[in-house]
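Residue indices begin at 1 and follow the sequence shown. These numbers come from a predicted model, not from an experiment.
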Amino acid sequence: WIVDHALALAGAFLPRKCDMMKLIKRVNGMFINAYSKNDQVLQTAFRAANFNVAPAAGNIPIVRTHAITEENVKKKIFDVDMTEFVPVDETTIFGHTYSTEALLVLITKVKELII
């Protein structure tokens, strides 16, 4: 393994199923995907730059979106919906930046998961 746990925070990458399967083999513990359905930066700029191929990881729950059914993979990917904690306004760069309060919520959820 390369890392114990990995965290994607507002992930600006295309989480293709084949790539996620390779990634999971490199992570000893959990791959945590913190996403917000309202992240305007990922919904507009990222998708435009990628020719609207697919939504970024930071906008979607990876397991449900890709219908990952392999139990050994499913148990290593933890999707955390942060939508309600990240308002869409100038202070969060339109839903892309997590405030201290939102990060504390995320840390609490992650701690419960890995400890």
Side-chain angles (χ1 to χ4, degrees):
W1 295 290
I2 294 175
V3 297
D4 283 330
H5 301 286
L7 171 65
L9 184 62
F13 66 94
L14 299 172
R16 292 184 267 274
K17 186 173 181 178
C18 62
D19 295 335
M20 291 306 302
M21 299 300 237
K22 291 176 192 172
L23 175 82
I24 290 306
K25 290 179 183 175
R26 305 276 190 264
V27 176
N28 183 39
M30 301 292 299
F31 176 82
I32 299 129
N33 176 45
Y35 70 96
S36 172
K37 298 172 198 164
N38 297 330
D39 185 328
Q40 300 298 303
V41 172
L42 295 178
Q43 287 178 5
T44 54
F46 181 83
R47 286 193 79 171
N50 286 284
F51 304 106
N52 206 29
V53 173
N59 274 136
I60 59 170
I62 294 171
V63 172
R64 190 171 64 232
T65 301
H66 291 303
I68 294 175
T69 56
E70 297 85 348
E71 285 302 317
N72 62 325
V73 175
K74 257 172 71 170
K75 70 181 182 182
K76 292 182 81 171
I77 300 174
F78 185 64
D79 289 310
V80 182
D81 187 352
M82 295 296 292
T83 305
E84 70 178 281
F85 305 105
V86 185
V88 178
D89 59 30
E90 299 81 24
T91 65
T92 64
I93 308 175
F94 303 100
H96 189 65
T97 304
Y98 289 34
S99 67
T100 302
E101 293 80 16
L103 289 173
L104 290 173
V105 169
L106 179 60
I107 289 168
T108 301
K109 290 179 183 231
V110 170
K111 262 174 74 174
E112 291 170 0
L113 176 70
I114 63 175
I115 292 179

Search all heavy atoms of A57 against all heavy atoms of I62 and return the closest pair with its distance. CB-CD1, 4.3 Å
Nearest 0.5 Å, please: how far is CG in D81 from CG in N33? 10.0 Å
Write down the atom of A56, the atom of G11, and the distance for their closest heavy-atom approach. CB-O, 3.5 Å
Contacts satisfying salt bridge (Lys or Arg N to Asp or Glu O under 4.0 Å) that involve residues 88-113 (not counting sequence neighbours) are none
Distance-minimising heavy-atom pair for H5 and M30: ND1-N, 2.9 Å
How long is the gap from CZ on F94 to OG1 on T92, to the nearest 0.5 Å? 8.0 Å
Given 3.5 Å as the limit, does a donor-acceptor pair link the side chain of S36 with the main chain of M82, or not? no
Say you draw a straight line from CD1 of I2 to CG of N28; how long is it, rounded to the nearest 0.5 Å? 11.5 Å
Do the side chain of H96 and the main chain of D39 share a donor and acceptor less than 3.5 angstrom apart? no
Side chains of L106 and L9, heavy atoms from C-beta outward: is any pair under 4.5 Å? yes
Transitive ILVMFWY side-chain link V88 to Y98, under 4.5 Å: no
I'd like to know if I60 and F78 are part of one continuous hydrophobic network [Ile/Leu/Val/Met/Phe/Trp/Tyr, side-chain heavy atoms within less than 4.5 Å]. no
Enter the distance from L23:CG to K76:NZ here, rounded to the nearest 0.5 Å. 9.0 Å
Any salt bridge (Lys or Arg N to Asp or Glu O under 4.0 Å) pairs touching residues 57-68, not counting sequence neighbours? none
Transitively linked via ILVMFWY side-chain contacts under 4.5 Å: V110 with V105? yes
Reported CG-to-CD1 distance for the pair D4 and I114, which is rounded to 0.5 angstrom: 9.0 Å
Distance from E70 atom CD to M20 atom CE, nearest 0.5 Å? 12.0 Å
In the single-linkage hydrophobic clustering (I, L, V, M, F, W, Y; side-chain heavy atoms under 4.5 Å), do V80 and I107 co-cluster? no
Any side-chain to backbone donor/acceptor pair from T83 onto K37? Under 3.5 Å, distance only. yes
State yes or no: do V86 and L7 share one hydrophobic cluster built from I, L, V, M, F, W and Y residues joined by side-chain heavy-atom distances below 4.5 Å, directly or via other members? yes
Hey, are the side chains of V73 and F31 touching, using non-hydrogen atoms and a 4.5 Å cut-off? no
Please answer whether the main-chain N or O of Y35 pairs with a side-chain N or O of D79 as donor and acceptor at a distance below 3.5 Å. no
Does NZ in K75 sit with more than 12 non-hydrogen atoms of other residues, nucleotides or ligands closer than 6.0 Å? no
Which atoms form the tightest heavy-atom contact between F13 and P15, and what is the distance? O-CD, 3.2 Å
